[in-house]
Amino acid sequence: MDLSTDPDFFALLTGSHRRLVGVPLAPEGADAAWLYADAPFAVLAHDGGADPRFVYANRAAQAAFGYAREEIVGLPSRLSAEAPDRAERQRLLDAVARDGFVTGYAGIRVRKDGRRFALNGGTVWQLIDEEGRIQGQAATFPLPAPV
């Protein structure tokens with residue numbers, strides 16, 4: 001399923017962010033198409049499986065990681081970090097599961113072509129629907145600088 005402009009998924013992303021983090025993810029009047037195509041920051045989301053897979057990556061996130069939408073959606077999210085950095089990434093995700101969100105996150109991530117980039121000022125939060133069910137986790141971060 002293509003969630004890139006799905007209004008229900010947009011509501012899950014933005015509603016969870018607003019409820020947990022306390023600030024809007026997108027400006028007033030923005031919609032799913034804006035968040036996917038025009039947002040000047042990266043947004044990714046993965047499902048809640050044992051080995052979570054990306055279900056959403058806006059164009060800014062696709063550019064940061066060097067993948068087309070068809071390549072990144074379905075990719076295990078652990079592959080966004082190099083093997084030595086995966087334990088640190090898992091600690092972050094565990095903290096988000098425990099606390100609901102983490103802000104100010106920084107780390108090194110890896111592009112499809114193997115180049116690394118610094119992720120700074122990120123926010124990671126639980127995707128929780130209106131009924132209180134956890135649907136996965138999402139992250140947003142400013143566009144990265146090369147390392």
Side-chain angles (χ1 to χ4, degrees), residues 1-26 30 32-37 39-144 147:
M1 174 186 237
D2 181 2
L3 299 176
S4 57
T5 58
D6 182 275
D8 293 331
F9 192 73
F10 175 78
L12 175 64
L13 279 170
T14 58
S16 295
H17 189 276
R18 186 183 65 257
R19 285 189 306 277
L20 291 167
V21 182
V23 297
L25 176 63
W34 177 86
L35 188 65
Y36 177 75
F41 50 86
V43 179
L44 298 122
H46 65 216
D47 64 22
D51 187 12
R53 294 180 178 273
F54 287 120
V55 296
Y56 178 88
N58 71 353
R59 286 198 179 138
Q62 292 169 36
F65 285 94
Y67 287 97
R69 187 189 66 79
E70 298 79 17
E71 296 173 312
I72 198 165
V73 170
L75 185 74
S77 62
R78 65 182 153 74
L79 298 179
S80 66
E82 291 182 309
D85 297 320
R86 290 182 189 156
E88 174 270 329
R89 179 188 165 277
Q90 188 58 52
R91 283 190 294 280
L92 165 72
L93 298 180
D94 292 344
V96 171
R98 182 188 65 239
D99 301 332
F101 73 97
V102 170
T103 60
Y105 174 69
I108 301 297
R109 292 295 175 263
V110 62
R111 293 175 45 89
K112 177 184 172 184
D113 63 11
R115 288 185 296 155
R116 298 165 36 147
F117 67 91
L119 184 155
N120 290 298
T123 299
V124 184
W125 71 100
Q126 293 281 77
L127 290 175
I128 302 175
D129 66 21
E130 292 290 333
E131 289 76 41
R133 293 178 302 228
I134 297 172
Q135 302 293 324
Q137 294 179 330
T140 186
F141 55 89
L143 296 181
V147 174

*Asks:* Identify the heavy atoms of V110 and L79 that sit nearest to each other, and give their distance.
*Replies:* CG1-O, 3.5 Å
*Asks:* Please find the pair of heavy atoms, one from A33 and one from T5, that lie closest to each other, and give the distance.
*Replies:*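 Reported closest heavy-atom pair: CA-CG2, 3.9 Å.
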*Asks:* Could you grab the distance from atom CD1 of I128 to atom CD of Q137, nearest 0.5 Å is fine?
*Replies:* 9.5 Å
*Asks:* Can you tell me how far apart CG (L75) and NE2 (H46) are? Round to the nearest 0.5 Å.
*Replies:*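 Spacing of CG (L75) from NE2 (H46) equals 12.5 Å.
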*Asks:* Can you check whether S16's main-chain N or O pairs, donor with acceptor, with Q126's side chain at less than 3.5 Å?
*Replies:*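 Between the backbone of S16 and the side chain of Q126 there is no qualifying donor-acceptor contact (under 3.5 Å).
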*Asks:* Quick check: do F141 and L44 have side-chain heavy atoms less than 4.5 Å from each other?
*Replies:* yes
*Asks:* Could you tell me whether a side-chain N or O of S77 sits under 3.5 Å from a main-chain N or O of R53, the two making a donor and an acceptor?
*Replies:* no
*Asks:* Describe, in one word, how the ring planes of F9 and Y56 are oriented to each other, choosing from parallel (under 30°), tilted (30 to 60°) and perpendicular (over 60°).
*Replies:* tilted
*Asks:* If you round to the nearest 0.5 Å, how far is CG of L143 from CZ of F41?
*Replies:*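 Those atoms lie 9.5 Å apart.
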*Asks:* Rounded to the nearest 0.5 Å, what separates atom CG in D99 from atom CG in L20?
*Replies:* 10.5 Å
*Asks:* Indicate yes or no for a side-chain donor-acceptor contact from R111 to the backbone of A63 under 3.5 Å, with no hydrogens or angles considered.
*Replies:* yes
*Asks:* Nearest 0.5 Å please: distance from the CG atom of D6 over to the OH atom of Y36.
*Replies:*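 Spacing of CG (D6) from OH (Y36) equals 13.0 Å.
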*Asks:* Report yes if some heavy atom in the side chain of S4 is under 4.5 Å from a heavy atom in the side chain of R69; otherwise report no.
*Replies:* yes
*Asks:* According to the interplanar angle, ranging from 0 to 90°, do the rings of F65 and F54 count as parallel (below 30°), tilted (30 to 60°) or perpendicular (above 60°)?
*Replies:* tilted
*Asks:* Show the nearest heavy-atom pair for residues A37 and R59, with the distance to one decimal.
*Replies:*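 Looks like CB-NH1, 3.5 Å.
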*Asks:* Measure up the H17 and W125 rings against each other and bin them: parallel (under 30°), tilted (30 to 60°), perpendicular (over 60°).
*Replies:*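 Perpendicular: the ring planes of H17 and W125 meet at over 60°.
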*Asks:* When you look at R19 and E130, which way does the side-chain contact (heavy atoms from CB on, under 4.5 Å) test go after all the steps?
*Replies:* CA-CA 10 Å; R19 285 189 306 277; E130 292 290 333; 3.1 Å; yes
*Asks:* Tell me the closest heavy-atom pair linking N58 and L35, and the distance in Å.
*Replies:*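 For N58 versus L35, the nearest heavy atoms are ND2-O, 3.1 Å.
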*Asks:* Looking at CD of E82 and CD1 of I108, how far apart are the two atoms once the value is rounded to the nearest 0.5 Å?
*Replies:*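 Between atom CD of E82 and atom CD1 of I108 there are 9.0 Å.
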*Asks:* Go through the structure and list residues passing ring pair (Phe, Tyr, Trp, His ring centres under 6.0 Å) with F10, not counting sequence neighbours.
*Replies:* none
